[in-house]
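Report on the following structure.
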Number of protein chains: 2
Amino acid sequence: MATRTDALTRREQILKEAARLFAERGFHGVGVDEIGAAVGISGPGLYRHFPGKDAMLAELLVGISGQLLNGARRRVQESDGGGPEALLDSLIEGHIDFALDDRPLITLHDRELDRLRDSDRKLVRQLQRQYVELWVEVVREVYPDLTEPTARSAVHSVFGLLNSTPHLGRAGVLPGRGATAELLHRMARGAFGSAAGV
Amino acid sequence: MATRTDALTRREQILKEAARLFAERGFHGVGVDEIGAAVGISGPGLYRHFPGKDAMLAELLVGISGQLLNGARRRVQESDGGGPEALLDSLIEGHIDFALDDRPLITLHDRELDRLRDSDRKLVRQLQRQYVELWVEVVREVYPDLTEPTARSAVHSVFGLLNSTPHLGRAGVLPGRGATAELLHRMARGAFGSAAGV
DNA sequence: CAGGGAGGTTAGCGGTCGTTAACCTGGAGG
DNA sequence: CCTCCAGGTTAACGACCGCTAACCTCCCTG
């Protein structure tokens, strides 16, 4: 998942620090000078890499949505034989990995969407919708009693549950990463099960 | 829950509209002129009611946290006899009512906390912590196998689930309010149950 | 009926922020 | 060795925004 070598491109450095700062203080709460300072250059030097501040946010949000969707599609394709239960577990696992490893991005994901230009926002929304629909299909295979609207609501709610990781202790004080992942996984399955008749 | 009559005070109007705007575009993304326009006065007229823009956000966030905590405490006191299961159901119900009826406030609640002055932020955090601890105690009575850190993580996660309502269809297209509340309630209970051994 | 405060108004100041302009510099390539 | 460009720098502009100042006008009260 890294670029080519282990070192980050200046461009990737900028995106990473911008994501962190946007998540911490909000898009409007961070100045370009701060972003520049975070990567060791100052202020307008950023404009050698991005056409503007908006473009950084757009690239981050489109990247997040695309990454989630692509990961889910890959899991669907690699799941021949395991059955829908195993596939749902795989989707949950993938989402949890993302939520635990890229907390700032998860935060941005549903917080700063409205700051995008119309075209970018529509693209992100489309990617998000496809991701949701993919989940809805799998969930309804596992729990056939769920109607489609109910399944969709349930999926959104489980996303809320899984995306709660930024609120779990600023430093991962509580249990270790593995235990947290397991807990979230069990709770997600339990929530889906209770959404259906079970 | 209204003031004295049915009509809102100018001050309450302002708070309500400010909450909506802050939730939609973020604290820094809304200007005082817009807030004023939303209540029919323009710009600096707001300063007859609040010492500054920050004060509006502070009052909103402190109000939210206090309202949640007080509601929960009331439910605890009124629950003599029902047993912990009924009490947990009552807490869940109260939180769902709040999440469904005051979506903008729920959004603000965990999004703009960092924009507060230190003292206000500490107050809000303290109220939030008390609210969480109250839940943790009740949850551990219902599911004694849960360790305290696990129960706390589970509570945060269930909050994430319940607070997902802003993402469920901008207009309540899907099921009706009652059905949504029921669904969220079942999912929350299922999530707690699966967090414990069940 | 005088007067005064509550609750508006508009004009404008001061600071911040995104962006552009103009300039500099080290290192790769012919 | 000259050139040139990628990737910086600082200065500065223009817009916007929070807030204050100064002023106006009802309406309530003694």
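Lettering follows sequence order; numbering is per chain, from 1.
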Verify salt bridge (charged side-chain N to carboxylate O under 4.0 Å, His left out) between A/Arg152 and A/Glu148, making sure each step is shown before the conclusion. CA-CA 6 Å; A/Arg152 186 147 35 234; A/Glu148 195 191 304; 2.8 Å; yes
Here the distance between atom P of C/dG18 and atom CD1 of A/Ile14, to the nearest Å, is 15 Å
Rounded to whole Å, CG of A/Asp33 lies from P of D/dG8 at a distance of 15 Å
Between CD1 of B/Ile35 and P of D/dC17 the distance, given in whole Å, is 11 Å
Within the pair B/His49 and C/dG8, is there a side-chain N or O less than 4.0 Å away from OP1 or OP2?
yes
Among the nucleotides D/dG8, D/dG18, D/dT10, whichever has the atom closest to the side chain of A/Pro44 is D/dT10
Picking from C/dT19, C/dT9, D/dT9, the nucleotide nearest the side-chain atoms of B/Ile41 would be C/dT9
- Message: Need one value for B/Val30: base, sugar-phosphate or nothing, where a base atom within 4.0 Å counts as base even if backbone is also close, heavy atoms only.
- Response: sugar-phosphate
Subject >> More than 12 heavy atoms from other groups under 6.0 Å of CD on B/Glu137 >> reply: no
Checklist entry - OP1 or OP2 of D/dA6 sitting under 4.0 Å from any side-chain N/O of A/Arg10? => result no
Margin query: Classify A/Gly31 by what it touches in the nucleic acid, base, sugar-phosphate, or nothing, heavy-atom distance under 4.0 Å.
Written below: sugar-phosphate
To the nearest angstrom, the CZ-P distance between B/Arg48 and C/dT9 comes to 10 Å
Rounded to whole Å, the CZ-C1' distance (A/Phe50 to C/dT19) equals 16 Å
Here the distance between atom P of D/dG7 and atom CG of A/Leu46, to the nearest Å, is 13 Å
message: Assess, by modelled atom type and distance only, whether the side chains of B/Thr9 and B/Arg11 contain a donor and an acceptor separated by less than 3.5 Å.
response: no
Picking from C/dT9, D/dC19, D/dG8, the nucleotide nearest the side-chain atoms of B/Lys53 would be D/dC19
Atom CG of A/Leu21 and atom P of C/dC17 are separated, to the nearest Å, by 13 Å
Inset, instruction - Could you check whether the rings of A/His95 and A/Tyr131 sit parallel, tilted or perpendicular, using 30° and 60° as the cut-offs? - result: parallel
Taken to the nearest whole Å, OH/A/Tyr47 to C1'/C/dA22 is 17 Å
From the list B/Asp114, B/Asp120, B/Asp118, salt bridge (charged side-chain N to carboxylate O under 4.0 Å, His left out) partner of B/Arg125 resolves to B/Asp114
NA contact type, A/Gly52, heavy-atom cut-off 4.0 Å: base, sugar-phosphate, or nothing? sugar-phosphate
